[in-house]
Structure formats: C-alpha cells, structure tokens
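Keep in mind that this is a model prediction, so the values were computed, not measured. Just so it is clear, the values below take in all heavy atoms, side chains as well, and ignore hydrogens, waters and symmetry mates.
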Amino acid sequence: MRLEGRTYTNAAMDEMCDALKRHLGRTDILGYAAARNTRALANELVEYVGMRDELIKELGEELVGEDGEPTGQFGISPASARFGEFAERLAPISAIEHEPKLFTVPATEVIGKLSGTEILEIDWMLED
C-alpha cells in the first residue's frame, strides 16, 4: 500500500532515512518496504543533501584521521565555532516540504520482530 497525501520536511525525511538503515538487511516485507522507502526518500533529498554538504564544507572543519593527517572530509558539530551560522543557513532548506510516495506495511508485520524503540522510529510507515 502507498502512503500519500502527507507532507514531510527535508529534515524529517533525512531522519526517516536514518531510521530505515537498520532494516535494509532484512529479507522480509519490512526489508522490502525499508528499501523502497529509502529510495523514495533519497530521491526527494538529493538537492537538500547536496546543499547541506556544501554548507558543511564551507563552514565546518576538515576531519583528521587517527594518524593526525587530514582525511579530506569535513564535519560540523554543535561545538564548532560556526555551527550557529550553519544551522541558520540550513534552516530554510530543512523546512522545505515534499509529498513522497511511501510504501506502508501492516503493523502486525513488526509485532515480535522489532523492539518498541524500533517501531517508534518507523511508525510513519506502519498501517493499522
């Protein structure tokens, strides 16, 4: 079944993608739904992720490996000097809404298979 007519912000869809990662290795209907929804959400997030990554590169710090050498990757955290500017510039992009076509599964498919915490993370794709 498809879940349509609901809108989600870029920030919410990014969190939804993260919540699905732990279920991608499953070989049941939940794994199938996780894979389909990950693809649908990732397609909606292409521009957001690109813009966020550019902001991280511009305002963040270059990461250093265990050997003390720069890795060529950039990161930013709340402790970073320019995190406030990063959050301020990212906020309008994070709030943009989309209406992705998501796949749902009956809630009965997760009973006894997932913990309560895991169910709450993906409750948006469960149907009663």
Side-chain angles (χ1 to χ4, degrees):
M1 177 176 201
R2 291 216 181 237
L3 180 62
E4 297 185 39
R6 294 186 61 187
T7 60
Y8 301 95
T9 64
N10 279 327
M13 291 189 305
D14 197 26
E15 289 176 11
M16 292 159 73
C17 271
D18 283 342
L20 291 172
K21 286 179 184 174
R22 75 172 71 205
H23 305 290
L24 290 173
R26 299 182 65 96
T27 58
D28 57 7
I29 189 69
L30 186 56
Y32 175 81
R36 285 189 58 147
N37 288 339
T38 297
R39 182 177 298 117
L41 292 167
N43 286 342
E44 295 286 339
L45 289 168
V46 170
E47 291 80 11
Y48 170 75
V49 169
M51 295 175 86
R52 182 195 61 202
D53 290 351
E54 285 300 315
L55 280 174
I56 290 171
K57 190 172 182 178
E58 177 185 338
L59 302 172
E61 297 92 22
E62 188 169 15
L63 301 177
V64 177
E66 291 180 16
D67 60 0
E69 295 295 319
T71 63
Q73 297 178 323
F74 290 80
I76 196 160
S77 73
S80 299
R82 297 182 75 186
F83 184 79
E85 181 181 355
F86 168 78
E88 185 177 306
R89 289 176 56 186
L90 186 62
I93 302 162
S94 295
I96 293 171
E97 293 182 335
H98 302 265
E99 190 176 320
K101 292 179 180 172
L102 300 173
F103 188 78
T104 61
V105 295
T108 55
E109 288 292 329
V110 301
I111 296 171
K113 297 178 183 177
L114 301 180
S115 71
T117 302
E118 291 171 320
I119 291 170
L120 287 174
E121 287 178 340
I122 61 165
D123 69 341
W124 51 269
M125 81 173 201
L126 302 178
E127 60 186 66
D128 293 327

Peer 1: Quick one: pull up CD in Glu61 and CZ in Phe83 and give me the separation to the nearest 0.5 Å.
Peer 2: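 Answer for the CD-CZ pair, Glu61 versus Phe83, is 11.0 Å.
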Peer 1: Can you name the nearest heavy-atom pair linking Ser94 to Thr9, along with the distance?
Peer 2: O-CB, 3.3 Å
Peer 1: Can you find a pair of side-chain heavy atoms, one from Phe103 and one from Ile29, that are under 4.5 Å apart?
Peer 2: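 They are in contact (side-chain heavy atoms under 4.5 Å apart), so the answer is yes.
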Peer 1: Going only through I, L, V, M, F, W and Y residues with side-chain contacts under 4.5 Å, is there a path from Ile56 to Val49?
Peer 2: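 Hydrophobic grouping puts Ile56 with Val49.
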Peer 1: Tell me every residue that passes salt bridge (Lys or Arg N to Asp or Glu O under 4.0 Å) with Asp53, counting only those two or more places apart in sequence or in another chain.
Peer 2: none
Peer 1: Donor-acceptor pair, distance only, cut-off 3.5 Å: does the side chain of Thr71 make one with the backbone of Leu63?
Peer 2: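 Yes, Thr71 side chain to Leu63 backbone: donor-acceptor pair under 3.5 Å.
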Peer 1: Less than 4.5 Å apart, side chain to side chain, heavy atoms only: is that true for Leu30 and Met125?
Peer 2: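 Touching, per the 4.5 Å side-chain cut-off.
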Peer 1: Mind listing the closest non-hydrogen atom pair of Pro100 and Leu41 along with its distance?
Peer 2: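 Nearest heavy atoms, Pro100 then Leu41: CG-CD2, 4.2 Å.
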Peer 1: Which heavy atom of Leu102 sits nearest to which heavy atom of Ala40, and what is that distance?
Peer 2: CD2-CB, 4.2 Å
Peer 1: Check Val105 against Ala33 and note the closest heavy-atom contact, atom names and distance.
Peer 2: CG1-CB, 3.6 Å
Peer 1: Does Phe74 have any ring-ring contact (aromatic ring centres under 6.0 Å, His included) partners at least two apart in sequence or in another chain, and if so, which?
Peer 2: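 Per chain and number, Phe74 pairs via ring-ring contact (aromatic ring centres under 6.0 Å, His included) with no residue.
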Peer 1: Contact between Leu90 and Tyr48 at the side-chain level, heavy atoms closer than 4.5 Å - yes or no?
Peer 2: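 Contact flag for Leu90/Tyr48 side chains = yes.
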Peer 1: Would you name the heavy atoms of Cys17 and Ala42 that are closest together and state the gap between them?
Peer 2: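 Minimum heavy-atom contact is SG-N, 4.0 Å.
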Peer 1: What pairs meet the salt bridge (charged side-chain N to carboxylate O under 4.0 Å, His left out) rule with one or both residues in residues 75-84, with sequence neighbours excluded?
Peer 2: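 Sorted result for residues 75-84: Arg82-Glu85.
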Peer 1: For the residue pair Leu114 and His23, establish whether any side-chain heavy-atom pair is separated by less than 4.5 Å.
Peer 2: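 Heavy-atom side-chain distance check passes, below 4.5 Å.
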Peer 1: Where is the tightest heavy-atom contact between Glu58 and Arg89, given as atom of each residue plus distance?
Peer 2: OE2-NH1, 2.9 Å
